[in-house]
Amino acid sequence: MEGGGNTKGTGLSGLFGAGGAGYSHADLAGVPLTGMSPLSPYLNLDPKYLVQDTDEFILPTGANKTRGRFELAFFTIGGCCMTGAAFGALNGLRLGLKETQNMTWSKPRNVQILNMVTRQGALWANTLGSLALLYSAFGVIIEKTRGAEDDLNTIAAGTLTGMLYKSTGGLRGIARGGIAGLTLTGIYALYNNWEHMKGSIARQSL
């Protein structure tokens, strides 16, 4: 009876997984798993391999990690044209409403306002697009000539752009355009390097 009870208890414990003999991982290492997929080796990874310290981009031979002025020229020209068109449209709407404020809402007034919006939008888009084209062209030429890319190229390109754009106004117009371009690009360069300048000043104060 005892042997039968032990046999029954062993069978139940083996069925429910409790009270059975314990096996180590080494004992079960060579036991094949029937009806189950083996554990994928890719699920057991060292987390340090998931942290990438270097860039994962594949660049052509001789290519830079950052976009140059030639690549940025298309974005600059397109962005300036769109910005000019949007600003000109708003300005044209303001001027159209101001000039037709004494008119009642009618088709002639709507047509006049629409013409003003279209005219101002095209004017500002052409103006900013032309400035962006000159600035990008000067920037690319200066970069290729100097063989370096820094804020000096930005300031020089802005100054030359202002001078050429206002060249029809004589020497005084050239001077004004150059000063305007120098000022705008100088402010941009200062803003672009503000954090670096603050860090340098902080290190010197220590």
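Since the model is a prediction, treat every value here as computed from it, not as a measurement.
In terms of the ring-ring contact (aromatic ring centres under 6.0 Å, His included) criterion, residue partners of Phe87 (sequence neighbours excluded) are, by chain and number, Trp124. Taking the side chain to side chain contact (heavy atoms under 4.5 Å, CB included) definition, one finds that Leu152 meets it with Arg146, Asp150, sequence neighbours left out. When the side chain to side chain contact (heavy atoms under 4.5 Å, CB included) test is applied to Leu95, the partners found at least two apart in sequence or on another chain are Asn91, Met116, Gln120.
One finds the CD atom of Gln101 at 8.0 Å from the CZ atom of Arg109 (value rounded to the nearest 0.5 Å). Considering CG of Asp151 and CG of Asn193, their distance stands at 4.5 Å, rounded to 0.5 Å. Atom CD in Gln112 sits 14.5 Å away from atom NZ in Lys107 (nearest 0.5 Å). Note: Met103 CE to Asn110 CG = 9.0 Å, rounded to the nearest 0.5 Å.
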Exercise for review: Given side-chain contact (heavy atoms from CB on, under 4.5 Å), test Arg119 with Leu123 step by step and report yes or no.
Suggested key: CA-CA 6 Å; Arg119 188 181 305 113; Leu123 176 63; 5.7 Å; no

**Study point:** side-chain contact (heavy atoms from CB on, under 4.5 Å) evaluation trace for Cys80 with Leu131
**Key:** CA-CA 8 Å; Cys80 287; Leu131 289 174; over 6 Å; no

Exercise for review: Kindly determine whether Asn126 and Ser130 satisfy side-chain contact (heavy atoms from CB on, under 4.5 Å), including the steps that lead there.
Suggested key: CA-CA 6 Å; Asn126 185 30; Ser130 300; 3.5 Å; yes

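Minimum heavy-atom separation, Ser136 to Ile77: OG-CG1, 4.1 Å.
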Could you go through residues 158-169 and list every donor-acceptor pair under 3.5 Å that involves a side-chain atom there, pairing it with any protein atom two or more places apart or in another chain?
residue: Thr159; atom: OG1; partner: Ile155; partner atom: O; Å: 2.8
residue: Thr161; atom: OG1; partner: Tyr135; partner atom: N; Å: 3.3
residue: Thr161; atom: OG1; partner: Ala157; partner atom: O; Å: 2.7
residue: Ser167; atom: OG; partner: Leu164; partner atom: O; Å: 2.8

Please report, to 0.1 Å, the donor-acceptor pairs under 3.5 Å made by any side chain of residues 171-185, with sequence neighbours excluded.
residue: Thr183; atom: OG1; partner: Ile179; partner atom: O; Å: 2.7
residue: Thr185; atom: OG1; partner: Gly181; partner atom: O; Å: 2.6
residue: Thr185; atom: OG1; partner: Leu182; partner atom: O; Å: 3.4

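Heavy-atom neighbours of Met82 CE from other residues, nucleotides or ligands within 6.0 Å: at or below the threshold of 12.
Side-chain contacts under 4.5 Å among hydrophobic residues (ILVMFWY), followed directly or transitively, place Trp105 together with Leu93, Leu97, Ile113, Val117.
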